[in-house]
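Throughout, residue positions are numbered sequentially from 1 according to the sequence presented.
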Amino acid sequence: MARTVENQREEGRTEKPNAPTRNPGLKALDKLVGTWKVSGETAGTLTYDWMDGGFFLVARGDTEQNGQRTRHIEIIGYDREMGVAPADVMTSRLYTDRGDTLSYTHEVDDKGVTSWFGPKGSATLFKARWIDDNTLTGAWEWPGGGYKLTLSRVLKKKA
């Protein structure tokens with residue numbers, strides 16, 4: 001006979017599936033939840049919200065740089081294949097309205113954010129530091145170039 005909730009109760013057993021635990025490294029992302037104005041050498045807005053379950057932060061962006069507008073969605077968290085322990089590195093995938101798919105590796109703490117294009121240690125990276133709870137300032141850097149930007153909180157949402 002197939003096991004159902006009803007016959008489990010009848011047998012006096014109540015099995016609960018093991019709920020996955022949230023990686024403690026995600027806590028630092030709570031500070032990003034809300035809507036941000038982007039200024040500097042790129043301009044626009046970014047919005048960060050937790051996906052149901054709290055395992056992934058979803059970022060939506062609408063920015064303009066050098067006269068080119070880009071809209072994107074990014075999903076940030078720790079990869080976890082079904083039945084396998086979560087990765088110990090925070091990563092993300094970003095998808096643009098131009099069909100681009102970009103991969104990043106992140107380190108985030110209460111002092112700031114470092115994001116590498118591709119794997120950690122890549123020559124293309126974003127370094128930013130918190131000025132206060134509502135201001136994050138930094139720059140994208142790559143061999144031969146880069147640009148500065150500041151994120152200023154417009155709306156804080158409950159984490």
Side-chain angles (χ1 to χ4, degrees), residues 19-82 84-159:
T21 56
R22 189 172 185 249
N23 188 303
L26 293 169
K27 180 72 178 148
L29 294 176
D30 284 343
K31 202 167 184 176
L32 287 170
V33 173
T35 301
W36 299 82
K37 175 184 172 192
V38 182
S39 60
E41 296 175 64
T42 190
T45 58
L46 296 172
T47 301
Y48 295 89
D49 288 301
W50 284 109
M51 183 175 153
D52 289 345
F55 290 94
F56 296 97
L57 189 67
V58 178
R60 295 181 187 277
D62 186 348
T63 58
E64 187 171 326
Q65 185 177 25
N66 299 324
Q68 184 167 359
R69 183 178 183 188
T70 303
R71 294 179 186 159
H72 75 266
I73 186 169
E74 181 177 17
I75 301 173
I76 307 163
Y78 291 86
D79 290 341
R80 182 170 59 98
E81 298 290 329
M82 190 70 117
V84 178
D88 59 356
V89 176
M90 186 185 303
T91 58
S92 69
R93 297 277 284 186
L94 183 143
Y95 306 92
T96 72
D97 61 348
R98 294 190 314 257
D100 301 318
T101 303
L102 308 171
S103 297
Y104 299 93
T105 303
H106 307 279
E107 287 184 352
V108 181
D109 60 27
D110 61 341
K111 292 179 179 44
V113 175
T114 302
S115 300
W116 292 268
F117 180 66
K120 181 177 178 177
S122 166
T124 301
L125 70 150
F126 175 69
K127 285 185 185 177
R129 296 295 164 244
W130 291 104
I131 302 304
D132 56 44
D133 284 347
N134 297 309
T135 312
L136 183 68
T137 188
W140 273 102
E141 304 169 4
W142 56 82
Y147 64 91
K148 295 178 182 179
L149 61 98
T150 298
L151 301 181
S152 303
R153 188 182 306 277
V154 175
L155 177 66
K156 185 172 186 169
K157 293 184 181 178
K158 198 172 187 180

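Of all the heavy atoms in Asn134 and Trp36, the pair that sits closest is O-CZ3, 3.5 Å. Closest heavy-atom contact between Ser115 and His106: OG-ND1, 2.7 Å. Considering all non-hydrogen atoms of both residues, Tyr147 and Thr42 come closest at CE1-CG2, 3.7 Å. Contact between Tyr48 and Leu57 at its shortest, heavy atoms only, is CD2-CD2, 3.6 Å. In this structure, Asp110 and Trp130 approach most closely via the heavy-atom pair O-CD1, 3.4 Å.
Take Asp52 and apply the salt bridge (charged side-chain N to carboxylate O under 4.0 Å, His left out) test, not counting sequence neighbours, and it matches no residue. Taking the ring-ring contact (aromatic ring centres under 6.0 Å, His included) definition, one finds that Trp116 meets it with nothing, sequence neighbours left out. For Phe126, the ring-ring contact (aromatic ring centres under 6.0 Å, His included) partners two or more places apart in sequence, or in a different chain, are Trp140.
In this structure, the side chains of Leu29 and Trp50 come closer than 4.5 Å at one or more pairs of heavy atoms. Side-chain contact between Ile75 and Arg93: absent, with no pair of heavy atoms (C-beta onward) separated by less than 4.5 Å. Side-chain contact between Thr150 and Thr135 is present, with at least one heavy-atom pair separated by less than 4.5 Å.
Sequence neighbours left out, the pairs with a member in residues 96-109 that pass salt bridge (Lys or Arg N to Asp or Glu O under 4.0 Å) are Arg98-Asp100, Glu107-Lys120. Under the salt bridge (Lys or Arg N to Asp or Glu O under 4.0 Å) criterion, the residue pairs touching residues 128-155 are Lys31-Asp133, with sequence neighbours excluded. For residues 57-67, the pairs satisfying side-chain hydrogen bond (donor to acceptor under 3.5 Å, both in side chains) are Asp62-Arg69, with sequence neighbours left out.
Panel note: side chain Thr105, backbone Gly118; a donor-acceptor pair is recorded below 3.5 Å.
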